[in-house]
2 protein chains.
Amino acid sequence: MKLITKNTDYAIRALMTLASDRDRFFSAKEIAGIQDIPYHYLRSILQILTKNALIKSREGVGGGVKLIASPSRIHVSDLIIMFQGDADPGECLVKGRICSNHQTCVLRHEIKRIERMIQNQFGKITIQTLLNKEKN
Amino acid sequence: MKLITKNTDYAIRALMTLASDRDRFFSAKEIAGIQDIPYHYLRSILQILTKNALIKSREGVGGGVKLIASPSRIHVSDLIIMFQGDADPGECLVKGRICSNHQTCVLRHEIKRIERMIQNQFGKITIQTLLNKEKN
DNA sequence: ATAACTGATACTATATTGGTATCATTAAGC
DNA sequence: GCTTAATGATACCAATATAGTATCAGTTAT
Ligand code: FES
Ligand code: FES
């Protein structure tokens, strides 16, 4: 049961690095080195974080990315949605098309309930709380 | 966030069909028809359920499979483990190998906690409870 | 001018999941 | 006994999702 994919994981770790010094720019190369993340892959992830305004970038020499959102306002649940998409829309299909009892299906109901519970749990975890726990 | 894969889903539904008449044998063909599951795929699923002693099979004309476990003792969590494997052992890797802070990693800790919570939730759902809810 | 960066985008590789096919074996019923 | 309807075992293929790579254009500090 893969709750978090690599890109989400990498995003979290990159953000934690950025949160360690909120005022300066880190280059993708630097973050990749610190966190041991494949450079090109990380770059694509940072671009998504930039588009979502969690970080801002500066091009050219001495450039890189810098945190702009508050670490306590970046919830892991947001990152999951950002990188893994909101809980699959179709879900519980029969041979590609939606099955007849789609609306009433009890199993589906239970799954949806548990999914909400999971999102709720991940919503309580922020970059800040992760950093706090790390220090102990 | 795919909590349940198709094979688990199909297994659940096949078991619900079998639970509707515990005394007789249903052929794979019959179940496939009722639940609209691809025949050959269902067959491979039924073989796994047989090996795990949730159902028993009879070969030859008039054969098929029949429920032997009690519907109230078949937990969805068991089926998830059976078809999707116990929560990935490696998890949270860095470039294939296990990262240095694997033991202490706080994110990993949180994920493990949530995974346990999910298994606990699915542990409360049985074939019987699904059947009960269906009747309402 | 050069070097160190990001933006945009396309591409490839790998893994997982979902599904198909085949042949051997078993058992019922005529 | 022969036929037919079933499962056992197993190998294979297809589709999808995830992970990772590569390239080139544009930007900026020195
Ligand atoms: S069987 Fe289709 S929604 Fe559950
Ligand atoms: S970063 Fe490797 S276990 Fe979390």
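Below, chain A is the first sequence line, B the second, and so on; all start at residue 1.
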(request) Quickly work out the A/Lys29 NZ to C/dA4 C1' distance and round it to whole Å. (result) 9 Å
(request) Give one of base, sugar-phosphate or nothing for B/Thr50, where a contact means two heavy atoms less than 4.0 Å apart. (result) sugar-phosphate
(request) Please report, rounded to the nearest Å, how far the P atom of D/dA19 is from the CG atom of A/Leu42. (result) 14 Å
(request) Using side chain to side chain donor-acceptor pair (under 3.5 Å) as the criterion, point out the one residue from B/Arg113, B/Lys112, B/Arg108 that pairs with B/Glu110. (result) B/Arg113
(message) With heavy-atom distances below 4.5 Å as the criterion, would you say the side chains of A/Leu15 and A/Ile55 are in contact?
(response) yes
(message) Nearest whole Å is fine: how far is D/dT18 C1' from A/His40 NE2?
(response) 18 Å
(request) Return yes if a side-chain donor-acceptor contact under 3.5 Å exists between A/Gln119 and A/Ser77, otherwise no. (result) no
(message) Without decimals, in angstroms, what is the distance between B/Glu30 CD and D/dT7 P?
(response) 10 Å
(request) Give the rounded distance in Å between these two atoms: CG of B/Asn7 and P of D/dT16. (result) 17 Å
(request) Report yes if a side-chain nitrogen or oxygen of A/Tyr10 is closer than 4.0 Å to either non-bridging phosphate oxygen (OP1 or OP2) of D/dG20; otherwise report no. (result) yes
(message) Closest-nucleotide mapping onto DNA chain C: is B/Glu59 or A/Val61 further toward the 5' terminus? I mean the 5' end.
(response) A/Val61
(message) Taking the basic N atoms (NZ, or NE/NH1/NH2) and the acidic carboxylate oxygens, is any pair closer than 4.0 Å for B/Arg24 and B/Asp21?
(response) yes
(message) Just the rounded figure in Å: distance from C1' of C/dA13 to OH of A/Tyr41.
(response) 12 Å
(message) Regarding B/Lys51, tell me which of base, sugar-phosphate or nothing describes its non-hydrogen contacts under 4.0 Å with the strands shown.
(response) sugar-phosphate
(request) Please tell me which of A/Ser44 and A/Arg58 maps to the more 5' nucleotide of DNA chain C, matching each residue to the nucleotide holding its nearest heavy atom. (result) A/Arg58
(message) Rounded to whole Å, how long is the line connecting atom CE of B/Met1 with atom P of D/dT18?
(response) 11 Å
(request) Using a heavy-atom cut-off of under 4.0 Å over every strand shown, decide if A/Arg43 touches base, sugar-phosphate, or nothing. (result) base
(message) When you compare the side chains of B/Arg73 and B/Gln128, does any donor N or O come within less than 3.5 Å of an acceptor on the partner?
(response) no
(message) Given the structure, check if the side chain of A/Gln47 and the base of C/dA8 hold any donor-acceptor pair shorter than 3.5 Å.
(response) yes
(message) Could you tell me how far apart B/Ile55 (CD1) and D/dG8 (C1') are, to the nearest whole angstrom?
(response) 13 Å
(message) Check the phosphate of D/dG8 against B/Ser57, side-chain N and O only, distance under 4.0 Å to OP1 or OP2. Yes or no?
(response) yes
